[in-house]
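So the structure is just underneath, and the comments pick up after that.
Side-chain atoms are counted along with the backbone in the values below, which use heavy atoms only and exclude waters and symmetry mates. Proteins come first, then strands; the chains are lettered A, B, ... in the order of their sequence lines, and each starts at number 1.
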2 protein chains.
Amino acid sequence: MRAAMELADEGGIGSVTMRELGRRLGVEAASLYNHVAGKDDLLAGMADLAAAEIDLPSGDVDWKEAMRRRAISARAVFLQHRWAAALMDSRVWSGPYSLIYADRVLGTLIRAGFSPVIASWAFIALDSYIYGFERQRSNFSPSEDVDTIEVAQDVLSAIPEGAFSSLAAVAMEYADKPYDEDGAFEFGLDMILDSLERRLGAD
Amino acid sequence: MRAAMELADEGGIGSVTMRELGRRLGVEAASLYNHVAGKDDLLAGMADLAAAEIDLPSGDVDWKEAMRRRAISARAVFLQHRWAAALMDSRVWSGPYSLIYADRVLGTLIRAGFSPVIASWAFIALDSYIYGFERQRSNFSPSEDVDTIEVAQDVLSAIPEGAFSSLAAVAMEYADKPYDEDGAFEFGLDMILDSLERRLGAD
DNA sequence: ACCTGAACACCGTTCAAGT
DNA sequence: ACCTGAACACCGTTCAAGT
């Protein structure tokens, strides 16, 4: 499983192949079936191991800070394992680790005063945002060292004169200062957290 | 392209195969390469066609209502084409339709008073949530007619006595009333929209 | 201009046979 | 208990050959 994760880290999820994994482990592809039910099982295990790298909410900070840290930690994991977000959210949520994780998150929210149903909705909203942001991010800047300023300038020059004026206005903004990815992530994250806090006060 | 969409609607994205698509069109798989650069090109075209089915924000409602309708329309499209969300957010965003779409969304936000940078952040936050929710949804209830009450009861009985108490509390809530998926979606959506509105007033 | 047939290099998976 | 070698049914893609 760890070997498969290394393989995916290096060459992308597409290079995780039973034959290639066997080669790395010094074994034939067919032998892997003695340790894993099939490729789906392998991918599910990878997803669960990646999920285990996300910090669990700790009990000694308030719920908002705990959720914030969890989100930032998830983003750090996705940065190290770029295949993880796609694997984790396209997979039924049933690894042994996932249960502990869900319980801790829900527990933090319920102790903060949210009802069980609202806690589950908040959990879903936060995770939808966290995973969704990562999936979009990996499109916007496919490689790490892409120059967002250059991208913006390319977009600008590709836009016909007068058309797409709003898109052009945004591209213009990014043409001389780099795109602040952390800022964008925390902007959306804090909107959700602030709304949750407000709702807590209202109930 | 339309034939490929039908194929995906019926049998899932996995059944979209050059050979199978050729069969449906009464042609050999190799012939498809006269009309499409490759399978990647095919999938990109499907994603763009699905995106075209999402309602564009219209000019005669306020920005908040326009964004709300856009989100609900996107969810309706994902319901009809269950393969679409995965395809659209895992793909660089460059179809001919996508440019119009982005321009209209950004234009609506900028006219409402958001700065170009904040408008782009708001766009990213909304889409992250919309796509992310769909990806999670398709795991939680893989088939349409799954009984969420039964699922909750299964979860409950699988939890060891005393462990996972928070998870159990949530499952208990869902054990006698169905899971309100629309409610969950709009809960998160409205949190983001309300926060955006508040920020607009503050600036 | 478009199609066919055959081939190539790859997949995941199975299974008898070995140790 | 674990591994191997060979095979099976599939992929996407290429390309000479046809019309």
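For the pair B:Glu28 CD and C:dT4 P, the computed distance is 5 Å after rounding to whole Å.
The backbone N or O of B:Val117 sits less than 3.5 Å from a side-chain atom of B:Ser120, completing a donor-acceptor pair. Checked by atom type and distance alone, the side chain of A:Asp103 pairs as donor or acceptor with a backbone atom of B:Ser166 at under 3.5 Å.
Taking only side-chain nitrogens and oxygens, A:His35 never comes nearer than 4.0 Å to OP1 or OP2 of D:dA1.
Within the structure, every pair that satisfies the ring-ring contact (aromatic ring centres under 6.0 Å, His included) test and touches residues 153-176 of chain A, not counting sequence neighbours, is listed here: A:Tyr174-A:Tyr179. Pairs passing the salt bridge (charged side-chain N to carboxylate O under 4.0 Å, His left out) check and including a residue from residues 165-176 of chain B, sequence neighbours excluded, read B:Glu173-B:Lys177. For residues 48-70 of chain B, the ring-ring contact (aromatic ring centres under 6.0 Å, His included) pairs, not counting sequence neighbours, are B:Trp63-B:Phe114.
Nearest heavy-atom pair, A:Tyr97 versus A:Ala51, reported as atom, atom and distance to 0.1 Å: CE2-O, 3.1 Å.
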For this session: Using a 4.0 Å cut-off on protein heavy atoms (strictly under), produce a 5'-to-3' string for nucleotides 6-19 of chain D with B for base contact, S for backbone-only sugar-phosphate contact, and - for none.
Result: -B---BBBBB----
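Among the duplex regions that DNA chain C forms, those built from at least three successive Watson-Crick or G-U pairs under 3.5 Å are C:4-8 with D:12-16, C:12-16 with D:4-8, ordered by first number.
Judged by a 6.0 Å distance limit and a 45° cone about the ring axis, B:Arg75 is positioned over the six-membered ring of B:Phe185.
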Please tabulate, for side-chain N and O atoms in residues 22-30 of chain A, each donor-acceptor pair with protein atoms closer than 3.5 Å (sequence neighbours left out).
from    : atom 1 : to      : atom 2 : distance (Å)
A:Arg23 : NH1    : A:Glu20 : OE1    : 2.6
A:Arg24 : NH1    : A:Glu6  : OE1    : 3.4
A:Arg24 : NH2    : A:Glu10 : OE1    : 2.9

